[in-house]
Amino acid sequence: MAVKIRLQRHGKKNFAFFHIVVADSRAPRDGRFIEQLGSYNPNTNPATIILNEERALAWLNVGAEPTLVTRRILSYEGVLLKKHLQGGVAKGALTQEQADAKFAAWKAEKEAKVNAKKAGLTKEAAAKAAEAAKAEAKVNEERAAALAAKKAEAEAAAKAAAEEAAKAAEEAAAAEAPAEEA
């Protein structure tokens with residue numbers, strides 16, 4: 001029986017998330033599985049990976065073959081590095097303490113990268129929000145200026161119309177006054 005570590009699709013259309021499972025290679029993709037190792041959600045930034053690393057390592061040690069995507073996930077989580085370091089310990093190339101120290105250093109570096117990415121994303125989002133607020137304020141100022149100009153133009157037109165009406169009334173009064181004198 002060929003055993004694979006692979007993804008099992010769940011979720012809605014265009015919004016999938018995956019369970020990381022150990023399954024017989026002959027079983028359907030979303031069908032029967034031997035053990036669930038974790039989950040993978042690519043919809044978040046960065047992607048959310050929950051993985052039982054000990055069980056994944058145990059399955060790799062007994063010969064389970066990861067698919068391409070699960071291999072990348074296992075590598076991202078450090079399971080393949082841990083397997084590699086255990087192979088070095090088994091061959092006598094390094095001690096268990098050295099292997100643990102190397103893995104801890106790698107894990108710390110990886111966490112620093114992920115935290116830096118998260119901080120960068122939040123900083124970028126804040127910068128975009130500030131830029132959008134400035135652009136909105138600029139548009140609002142332009143609209144206010146346009147409204148003020150339109151209002152001033154309307155007042156000037158009303159004033160001109162009132163002056164013309166007053167002139168017309170004076171002319172009409174002046175035209176009527178000579179007619180009365182005569």
Side-chain angles (χ1 to χ4, degrees), residues 1-140:
M1 174 169 87
V3 177
K4 294 261 186 197
I5 301 175
R6 63 184 183 194
L7 298 178
Q8 193 176 55
R9 190 182 194 282
H10 292 277
K12 296 191 290 187
K13 183 168 142 182
N14 296 326
F15 201 76
F17 69 92
F18 302 90
H19 289 173
I20 303 168
V21 297
V22 177
D24 184 357
S25 63
R26 297 169 292 185
R29 178 193 72 181
D30 298 336
R32 196 162 154 199
F33 61 90
I34 300 169
E35 183 180 353
Q36 182 175 342
L37 300 177
S39 64
Y40 167 61
N41 186 0
N43 301 313
T44 60
N45 190 7
T48 305
I49 300 171
I50 300 169
L51 183 66
N52 185 345
E53 296 174 7
E54 293 81 29
R55 291 303 301 154
L57 185 61
W59 277 105
L60 286 173
N61 285 335
V62 295
E65 276 296 315
T67 60
L68 181 63
V69 176
T70 54
R71 178 176 289 280
R72 287 188 176 192
I73 290 171
L74 294 175
S75 176
Y76 181 84
E77 289 296 310
V79 175
L80 296 180
L81 176 64
K82 195 176 248 186
K83 182 178 188 253
H84 175 73
L85 291 172
Q86 280 185 353
V89 169
K91 291 178 183 176
L94 58 141
T95 64
Q96 185 65 42
E97 292 79 26
Q98 290 173 332
D100 291 341
K102 282 187 177 186
F103 183 74
W106 178 86
K107 195 72 166 175
E109 182 181 327
K110 185 73 166 180
E111 287 295 322
K113 283 183 184 178
V114 170
N115 290 336
K117 181 176 181 179
K118 286 180 182 178
L121 288 172
T122 56
K123 187 177 180 182
E124 183 179 321
K128 282 185 180 179
E131 186 177 316
K134 285 182 183 177
E136 185 177 349
K138 182 179 178 184
V139 167
N140 287 343

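As the structure is a computational prediction, the values presented were derived from the model and not from experiment. One-based numbering along the sequence shown.
For K110, the NZ atom counts as densely surrounded, since its 6.0 Å shell holds more than 12 non-hydrogen atoms of other residues, nucleotides or ligands. Other residues, nucleotides and ligands contribute more than 12 heavy atoms inside 6.0 Å of the NE2 atom of H10. Enclosure of atom CD in E111 by more than 12 non-hydrogen atoms of other residues, nucleotides or ligands within 6.0 angstrom is indicated.
Here salt bridge (Lys or Arg N to Asp or Glu O under 4.0 Å) pairs that include residues 7-17, with residues two or more places apart or in two chains, number zero. Identified under the salt bridge (Lys or Arg N to Asp or Glu O under 4.0 Å) test for residues 84-107, with sequence neighbours left out: E53-K107. Within the structure, salt bridge (Lys or Arg N to Asp or Glu O under 4.0 Å) contacts touching residues 121-132 (residues at least two apart or in different chains) are E124-K128.
Annotation: side-chain contact (heavy atoms from CB on, under 4.5 Å) contacts of K113 (sequence neighbours excluded): E109. Residues forming a salt bridge (charged side-chain N to carboxylate O under 4.0 Å, His left out) with E65 (at least two apart in sequence, or on another chain): none. Among residues two or more places apart in sequence or in another chain, the side chain to side chain donor-acceptor pair (under 3.5 Å) test is passed with S75 by none. Residues satisfying the salt bridge (charged side-chain N to carboxylate O under 4.0 Å, His left out) test with R71, not counting sequence neighbours, are none. Partners of E35 by salt bridge (charged side-chain N to carboxylate O under 4.0 Å, His left out), not counting sequence neighbours, listed by chain and number: R55. Not counting sequence neighbours, K83 has no partner by the salt bridge (charged side-chain N to carboxylate O under 4.0 Å, His left out) test. Under the side-chain contact (heavy atoms from CB on, under 4.5 Å) criterion, N14 pairs with no residue at all, not counting sequence neighbours. Under the side-chain contact (heavy atoms from CB on, under 4.5 Å) criterion, L7 pairs with F18, I20, Y40, V69, T70, I73, sequence neighbours left out. Residues meeting the side-chain contact (heavy atoms from CB on, under 4.5 Å) test with Q98, sequence neighbours left out: L94, T95.
Interatomic distance, L37 CG to Q8 CD, rounded to the nearest 0.5 Å: 11.0 Å. Note: F17 CZ to N43 CG = 9.5 Å, rounded to the nearest 0.5 Å. Atom CH2 of W59 is separated from atom CD1 of I5 by 8.5 Å, given to the nearest 0.5 angstrom. Once rounded to the nearest 0.5 Å, the distance linking CG of L80 with CG of L85 reads 11.0 Å.
Among all heavy-atom pairs drawn from R32 and A27, the shortest one is O-CB, 3.5 Å. Closest approach of P42 and A47 over heavy atoms only: CA-CB, 4.0 Å. For the pair P46 and V114, the tightest heavy-atom approach, listed with the atom from each and the gap, is CG-CG1, 4.5 Å. Considering all non-hydrogen atoms of both residues, W106 and Y76 come closest at CH2-O, 3.4 Å.
Using a distance-only test at 3.5 Å, with no hydrogens or angles considered, no donor-acceptor pair links the side chain of N52 to the main chain of G38.
A 4.5 Å side-chain heavy-atom check between V3 and V62 finds every atom pair outside the cut-off.
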